[in-house]
Amino acid sequence: MSEMRETVRTTCPRDCYDACGMVVVKKQGEIVRVKGDPAHPVSRGELCGKCAVAYNSVWIDPKARLTQPLKRVGKKGQGQFVPVSWDAAIAEIAANLQAILATTGNQSILHTHYTGTCSLIAGFFPLRFFNRLGATEVDPDTVCNKAGHVALQMIFGDSLTGFDPRTAKDAACILVWGANPSASAPHAHKHWLPEAPGKRIVIDPIRHPTAAAADLHLQPFPGSDGALAFALLHVIQREGLLDEAFLAKHTLGWEEVAPILSACPPAWGEAVTGVPAALIEEAAIVYGQGPSLLWLGQGLQRQPTGGNVFRACSLLAIATGNLGKPGAGLLYMNGTANRGIDSDYVSAPHLNPGAAHSISHMDLAAHLANASQSRALFCWNNNIVASSPQQKQLRQALEREDLFMVSVDLFATDTTDYADFVLPAASFLEFDDLVFSYFNYSISAQVKAAEPIGEALPNQEIFRRLSAAMGFTEPELFESDAAIIANLLQQTQTGIDFTQLATRGTIDYTPEPVMQFADYRFATPSGKIEIASKQFVAAGLPRSPQPLADARPIHGKLRVLSPASPWLMNSVYGNDAKVHHLIGEADVMLHPQEAQQRGLKDGDRVTLSNDIGALPLQVKLSDQVPMGVALVYKGRWPKCDRSGANVNVLNPGRKTDLAESSCVHAIEVDITPIASIER
Ligand SMILES: Nc1nc2c(c(=O)[nH]1)N[C@H]1C(S)=C(S)[C@@H](COP(=O)(O)OP(=O)(O)OC[C@H]3O[C@@H](n4cnc5c(=O)[nH]c(N)nc54)[C@H](O)[C@@H]3O)O[C@H]1N2
Ligand SMILES: Nc1nc2c(c(=O)[nH]1)N[C@H]1C(S)=C(S)[C@@H](COP(=O)(O)OP(=O)(O)OC[C@H]3O[C@@H](n4cnc5c(=O)[nH]c(N)nc54)[C@H](O)[C@@H]3O)O[C@H]1N2
Ligand code: SF4
Ligand SMILES: [Mo]
């Protein structure tokens, strides 16, 4: 007799470069195993460690998930709720919104969202509702990557068209600058990079596993990449590796950069960045000879001069003409538009009754503390208490009794604890959707493998119901998932329908690698690459990129880097018992010599502190970390740690030089031992 085993092929929609193909094994209708799809070119049968654990535990565990709409009964922040029906929750939320619309108006309703799930419908359809409402959007990219986006948009007219990773077969060099694939793109680290025939260069203050496996690892002091780029360009110019013809034909402003290069020899580079001059020479020549790929990481631009850093670093590709030919190119991220998708179709900005209004995540805590600016907050796909700056101030603001708050999540997070209503979201295993990798030029099906747990609903269905309760009538607000999927697949012009895509899992957008900027037409005002422009001046930057490096910390302070942990996905999985066990006690990684100089040893308890907060941590020695730096991974759940806080309690929310974005990798702290009596 058949034991009714079946498998469903689907795709991981986490905020991850890899977008792995997966197989869900079911027995008698129940999910029994979630694993990698052996046929998928990226995952090759293996999920990353964190997903292999959590998709087989908390994500499919009704006891760990939110299963019913909840209404607050306790004090804000205490997480005390009673279950209510969907109808009651939706009706009461709509009534509150109506009252606010009638008094303080739509812009006093804020919503924060990000990449809790990156599938297209669950990730973006709710924007139709908030656009219709005319709510204030907390600009999602400002907590992550906006400085880099805006810099590249100003230079190339586009920040979302990157090289096609398949072109690595033609590259003599791959330079990974300020990204950590070993954590943030584990399969690119495991397969793509090692299989590429070219030399691998990594530029990162941390000697993470991708850096350790590279042919060359340059370890600059954080925030000194602008200067390092100029030192590399000095060598490239000296060695005759500039592509003068390319510069003359396709760019504007090189003449403003060239005269600066003579002042930036490798010895100067070494003094300013800490990278040995010989290594600067070697890397410049390998890259300059090309063809070369340049991967600009998101960690790279979370620096006070992150906009300038991106301008300076992208000069490498521009000055050597490493664009528009096989094995050449630059990548920040690949957006859906380069697979034919009209993102405005999904988010429907035309529904906004007025002008779109947004604020930076760096201003969120202050904005929420001000009752005249904020009356309601919706938080969906986003765990702001764990991820946003000024953690303590944010918590205080969220305690406001007159702030009406709604959270939509799969789990009871530190953020949902403050909500008036918590709405349970269905997971990606529980509805159909589409996933577009932001690294590879692929298109993937997210396929429903089980019914939603309890009463959970996909984000999109929650906002359809809210639209109805608000009395909105625009058809865009009620479009079905099936219709949206069909429409999106049609936009890709691949000729595939969802049933076919679900069978195959993932398809390549084109059979051959896409050539980035093949036509050398750039969506800038001049149609050329704008190295220097008055757009930058209008944004408060110099006309051209500068050889800048941040001042190093003084008075014994350390610079905190808090990048992606290999075991967490932002804060996702922080509540999984096995993951929690694997990541162990909250720690700060220090270079052994740094620790020794401060009289600290492995396992000591210390407090990191600055003007904004303090965080107790355990010292862990690691020679991955350079002198002067403290490595504290992002993404732990505050309430799962004794301190009730994570690294963002130390984050003052300082803004980058461009686009009001996060420069979280510039936090400075004092480190003090916790006397044994206080332990
Ligand atoms: N110190 C420090 N802080 C950082 C960073 C850093 O480098 N250092 N990095 C920043 C960056 S790059 C980013 S992108 C942000 C990320 O910050 P967040 O967007 O807050 O990321 P997550 O912690 O993953 O939170 C996503 C939430 O969405 C939920 N979720 C998952 N799937 C769904 C779904 O289908 N529906 C709904 N409604 N919810 C879902 C998850 O359970 C989780 O609670 O953090 C930033 N914070
Ligand atoms: N496992 C896992 N994967 C993730 C995430 C996660 O939390 N966990 N988060 C996802 C998200 S939201 C994002 S945005 C991406 C981010 O993924 P990445 O683009 O890889 O960015 P980060 O991990 O923030 O930081 C990458 C590297 O930047 C380095 N860095 C910091 N400051 C500097 C500097 O001044 N100069 C240079 N050269 N390097 C610097 C850090 O040391 C770190 O190794 O990863 C995604 N993937
Ligand atoms: S998080 Fe990334 S590496 Fe892990 S399974 Fe999902 S797509 Fe793959
Ligand atoms: Mo991010």
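Counting convention: from 1, in listed order, for ligands and their atoms alike.
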| query | Does at least one non-hydrogen atom of Asn145 fall below 4.0 angstrom from an atom of ligand 2? | reply |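 No, Asn145 has no heavy atom closer than 4.0 Å to ligand 2.
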| query | Is the shortest distance from a heavy atom of Tyr438 to ligand 2 less than 4.0 Å? | reply | yes
Would you check the N or O atoms of [X], main chain and side chain alike, for any that come under 3.5 Å of an N or O of ligand 1?
X: Asn381; value: yes
X: Trp380; value: no
X: His665; value: no
X: Ser562; value: yes

| field | salt bridge (charged side-chain N to carboxylate O under 4.0 Å, His left out) evaluation trace for Lys655 with Asp363 | value | CA-CA 9 Å; Lys655 293 176 182 171; Asp363 294 323; 2.9 Å; yes
| task | May I ask you to decide if the ring planes of Phe439 and Trp192 are parallel, tilted or perpendicular, using 30° and 60° as cut-offs? | result |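 Taking Trp192 first and then Phe439, their aromatic rings stand perpendicular (interplane angle over 60°).
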| Mind checking whether Phe463 and Phe129 have parallel, tilted or perpendicular rings, split at 30° and 60°? |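 Tilted.
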Tell me the contacting part of [X] for ligand 1: side chain, backbone, both, or neither, using a 4.0 Å heavy-atom threshold, strictly below.
X: Val647; result: side chain
X: Thr413; result: side chain
X: Cys144; result: both
X: Gln298; result: neither
X: Asn383; result: both
X: Val408; result: both

Assess [X] for proximity to ligand 1: is some non-hydrogen atom of it under 4.0 Å away?
X: His113; value: no
X: Arg65; value: no
X: Val572; value: yes
X: Ala426; value: yes

| Residue list, salt bridge (charged side-chain N to carboxylate O under 4.0 Å, His left out) with Lys620, at least two apart or on another chain | Asp587
Only heavy atoms of [X], strictly under 4.0 Å: list the atoms of ligand 2 that pass.
X: Asp225; answer: 34 (C), 35 (O), 36 (N), 37 (C), 38 (N)
X: Gln303; answer: 32 (N), 33 (C), 34 (C), 35 (O)
X: Trp177; answer: 38 (N)

| request: Decide yes or no on salt bridge (charged side-chain N to carboxylate O under 4.0 Å, His left out) for Asp481 and Arg464, but give the supporting numbers first. | output: CA-CA 11 Å; Asp481 290 2; Arg464 284 189 197 106; 2.5 Å; yes
| request: Please name the pair of heavy atoms, one in Val435 and one in Ser119, separated by the smallest distance, quoted to 0.1 Å. | output: CG2-CB, 4.1 Å
Looking at ligand 2, does any of its N/O atoms fall within less than 3.5 Å of an N/O of [X]?
X: Cys16; value: no
X: Phe221; value: no
X: Gly223; value: yes
X: Ala183; value: yes
X: Ile206; value: no

Heavy-atom contacts under 4.0 Å between [X] and ligand 2: side chain, backbone, both, or neither?
X: Trp567; answer: neither
X: Tyr114; answer: neither
X: Ser565; answer: backbone
X: Thr115; answer: neither
X: Met569; answer: both
X: Lys634; answer: side chain

Measuring from [atom], which candidate in [options] has the nearest non-hydrogen atom?
atom: atom 23 (O) of ligand 2; options: Ala564, Cys48, Ala666; result: Ala564
atom: atom 38 (N) of ligand 1; options: Asp433, Thr117, Asn459, Asn651; result: Asn459
atom: atom 7 (O) of ligand 2; options: Ile203, Leu218, Val629, Asn570; result: Asn570
atom: atom 18 (P) of ligand 2; options: Cys313, Ser184, Ser224, Pro222; result: Ser184
atom: atom 42 (O) of ligand 2; options: Asp204, Val143, Asp15; result: Asp204

| Does NZ belonging to Lys639 count more than 12 external heavy atoms closer than 6.0 Å? | yes
Indicate yes or no for a side-chain donor-acceptor contact from [X] to the backbone of [Y] under 3.5 Å, with no hydrogens or angles considered.
X: Glu430; Y: Lys448; answer: no
X: Asn180; Y: Ser182; answer: yes
X: His111; Y: Phe130; answer: no
X: Gln303; Y: Cys663; answer: no
X: Gln301; Y: Cys144; answer: yes

| said: Assess, by modelled atom type and distance only, whether the side chains of His113 and Glu137 contain a donor and an acceptor separated by less than 3.5 Å. | reply: yes
When rounded to the nearest 0.5 angstrom, what is the spacing between [atom1] in [X] and [atom2] in [Y]?
X: Ser427; Y: Ile453; atom1: OG; atom2: CD1; value: 7.0 Å
X: Ser387; Y: Asn570; atom1: OG; atom2: CG; value: 5.5 Å
X: Leu330; Y: Ser314; atom1: CG; atom2: OG; value: 6.5 Å

| request: Please test Tyr332 against Phe163 for ring-ring contact (aromatic ring centres under 6.0 Å, His included), starting from the C-alpha separation and ending with a verdict. | output: CA-CA 9 Å; Tyr332 190 32; Phe163 61 68; over 10 Å; no
| query | Should the pair Arg552 and Phe221 be classed as cation-pi, given the thresholds of under 6.0 Å to the six-membered ring centre and 45° from the axis? | reply |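 Yes, Arg552 lies over the aromatic ring of Phe221.
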| task | May I have the step-by-step check of salt bridge (charged side-chain N to carboxylate O under 4.0 Å, His left out) for Asp641 and Arg636, ending in yes or no? | result | CA-CA 8 Å; Asp641 283 337; Arg636 298 181 71 101; 2.7 Å; yes
| Looking at residues at least two apart in the chain, or sitting in another chain, which of them share a ring pair (Phe, Tyr, Trp, His ring centres under 6.0 Å) with Tyr438? |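 Expected list: Tyr17.
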